[in-house]
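Have a look at the structure below, then the notes.
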Amino acid sequence: MYEEPYRWVEAVGNRRQYLDEQFKQGSPVVGVAYETGILLMTMNKGTPKLYEVYDRLGLGGMGHPADLEKLRFNLLEMAHVEGFNRSPSDVTGGRLVKYGIAPVIKQAFEEVFKAPFIVKILLVELGQKSGKDSFLTINYDGTFEEKSRYAVLAASSAIEQEMTAYLKQQPIASLEEAIGSAIRTLALGDRAQRHALEEGGEHGDVRTGSDQQPVDSETLYAHMRQCLADKTIECALLDRQMQGPTKYRTISLDELGKVLPGHLVTPLT
């Protein structure tokens, strides 16, 4: 029956509603550029959500771990084939997204007889100089956006806009400032998602804090302390100062604790 156009549109609409539901309890992802690199941050309950893809490429994701792992493997394979057949400098985030992973996700989303990928992806690329970094977000339907200073993933576009508006106001130059801004933005997104769940908003009717009072830093840190009761902060860098071609490294909890506010260090240990 899906051969009929209006049936197909109805099926895609149902699929979109189903997928929106799957992300409501996921952990947001934040990516921000600072003067010598890019910071990626999220929270997890044991399964990593941040990965290295290639020398100057990193990935963060929301959704089903199996789907994220499958698409990460596709990206790894494509990056290394491109690097071998052409050169490492030809392996760019734009090529991997536009000619590789986005068409695969779009096709899976539109083939209504098959299971879609339950995944949202943030692919970051470290530029040769500050200000040349690239952030690409891919939605579960294969649509993608490219940004230059920061990008986020969250359960809905309304919450992503709220997180982006907050990040836009933050002065971010050093790694310490990037970590502080990312933690508060992460808390803001997680808090908005939980409020949306409690309110039981219908599809496309998710309220955000835009109509509420601005949330101060202490409230966000207090929310993060609650989150850390059953989750762990996951953090990674693409660092221009690292020697060698590979610029990706994870940040240990000990290293993170040295730059966090004191009241957030205890829940990490």
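None of these values were measured; they are calculated from a predicted model. Just the heavy atoms: all of them, side chains too, but no hydrogens, waters or symmetry mates, feed the values below.
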Where is the tightest heavy-atom contact between [X] and [Y], given as atom of each residue plus distance?
| X | Y | value |
| --- | --- | --- |
| Arg95 | Asp90 | CD-O, 3.4 Å |
| Tyr248 | Ala236 | OH-CB, 3.4 Å |
| Glu160 | Leu153 | OE2-CA, 3.6 Å |
| Cys235 | Leu256 | SG-CD1, 4.2 Å |
| Pro28 | Gln193 | CG-OE1, 3.6 Å |
| Phe109 | Pro116 | CA-CB, 4.3 Å |

N/O donor-acceptor pair under 3.5 Å between [X] side chain and [Y] backbone:
| X | Y | value |
| --- | --- | --- |
| Arg15 | Val112 | yes |
| Arg56 | Ser89 | no |
| Glu52 | Leu57 | no |
| Thr219 | Val215 | no |
| Asp216 | Glu218 | yes |
| Gln170 | Tyr166 | yes |
| Glu234 | Pro48 | no |

Kindly work out whether a path of hydrophobic side-chain contacts (I/L/V/M/F/W/Y, heavy atoms less than 4.5 Å apart) joins [X] to [Y].
| X | Y | value |
| --- | --- | --- |
| Leu39 | Met224 | yes |
| Val97 | Val104 | yes |
| Met78 | Tyr51 | yes |
| Tyr18 | Met62 | yes |
| Leu136 | Leu126 | no |

Electrostatic pair Arg194:Asp190 at N-O distance under 4.0 angstrom: yes
Compare all side-chain heavy atoms of [X] with those of [Y] and state whether any distance is below 4.5 angstrom.
| X | Y | result |
| --- | --- | --- |
| Val152 | Val29 | no |
| Thr137 | Ile121 | no |
| Lys106 | Asp141 | no |
| Tyr54 | Glu125 | no |
| Val32 | Leu40 | no |
| Ile105 | Ile138 | yes |
| Lys98 | Glu146 | yes |
| Thr42 | Leu50 | yes |

Working for side chain to side chain donor-acceptor pair (under 3.5 Å), residues Gln107 and Glu111: CA-CA 6 Å; Gln107 184 176 6; Glu111 290 183 352; 3.0 Å; yes
Contacts of Asn74 that satisfy side chain to side chain contact (heavy atoms under 4.5 Å, CB included) - sequence neighbours left out: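 Asn74 satisfies side chain to side chain contact (heavy atoms under 4.5 Å, CB included) with Leu71 once adjacent residues are dropped.
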Non-neighbouring partners of Glu177 that pass side chain to side chain contact (heavy atoms under 4.5 Å, CB included), sequence neighbours left out: Ala173, Ser174
Check against side chain to side chain contact (heavy atoms under 4.5 Å, CB included), Phe144 and Asn139: CA-CA 6 Å; Phe144 56 86; Asn139 200 11; over 6 Å; no
Centroid-centroid distance, His64 to Phe117, less than 6.0 Å: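 Aromatic pair excluded; centres sit 6.0 Å or further apart.
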Reported [atom1]-to-[atom2] distance for the pair [X] and [Y], which is rounded to 0.5 angstrom:
| X | Y | atom1 | atom2 | result |
| --- | --- | --- | --- | --- |
| Ser181 | Met41 | OG | CE | 9.5 Å |
| Leu237 | Met242 | CG | CE | 9.0 Å |
| Leu188 | Met163 | CG | CE | 7.0 Å |
| Leu186 | Ser27 | CG | OG | 7.0 Å |
| Ile251 | Ile233 | CD1 | CD1 | 10.5 Å |
| Leu75 | Leu123 | CG | CG | 6.5 Å |

Check against side chain to side chain contact (heavy atoms under 4.5 Å, CB included), Leu167 and Val30: CA-CA 9 Å; Leu167 265 179; Val30 179; 4.1 Å; yes
Criterion side chain to side chain donor-acceptor pair (under 3.5 Å) on Thr47 and Asn44, from CA distance to verdict: CA-CA 6 Å; Thr47 303; Asn44 69 52; over 6 Å; no
Salt bridge (Lys or Arg N to Asp or Glu O under 4.0 Å) partner of Asp133, chosen from Lys247, Arg149, Arg240, Lys147: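 Among Lys247, Arg149, Arg240, Lys147, the one that satisfies the salt bridge (Lys or Arg N to Asp or Glu O under 4.0 Å) with Asp133 is Arg240.
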Mutual orientation of the aromatic rings belonging to Phe23 and Tyr140 [parallel < 30°, tilted 30-60°, perpendicular > 60°]: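 Taking Tyr140 first and then Phe23, their aromatic rings lie parallel (interplane angle under 30°).
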Worked verdict on Ser252 versus Asp254 for side chain to side chain donor-acceptor pair (under 3.5 Å): CA-CA 5 Å; Ser252 67; Asp254 287 342; 5.2 Å; no
Atom CD of Glu255 with >12 non-hydrogen neighbours under 6.0 angstrom: yes
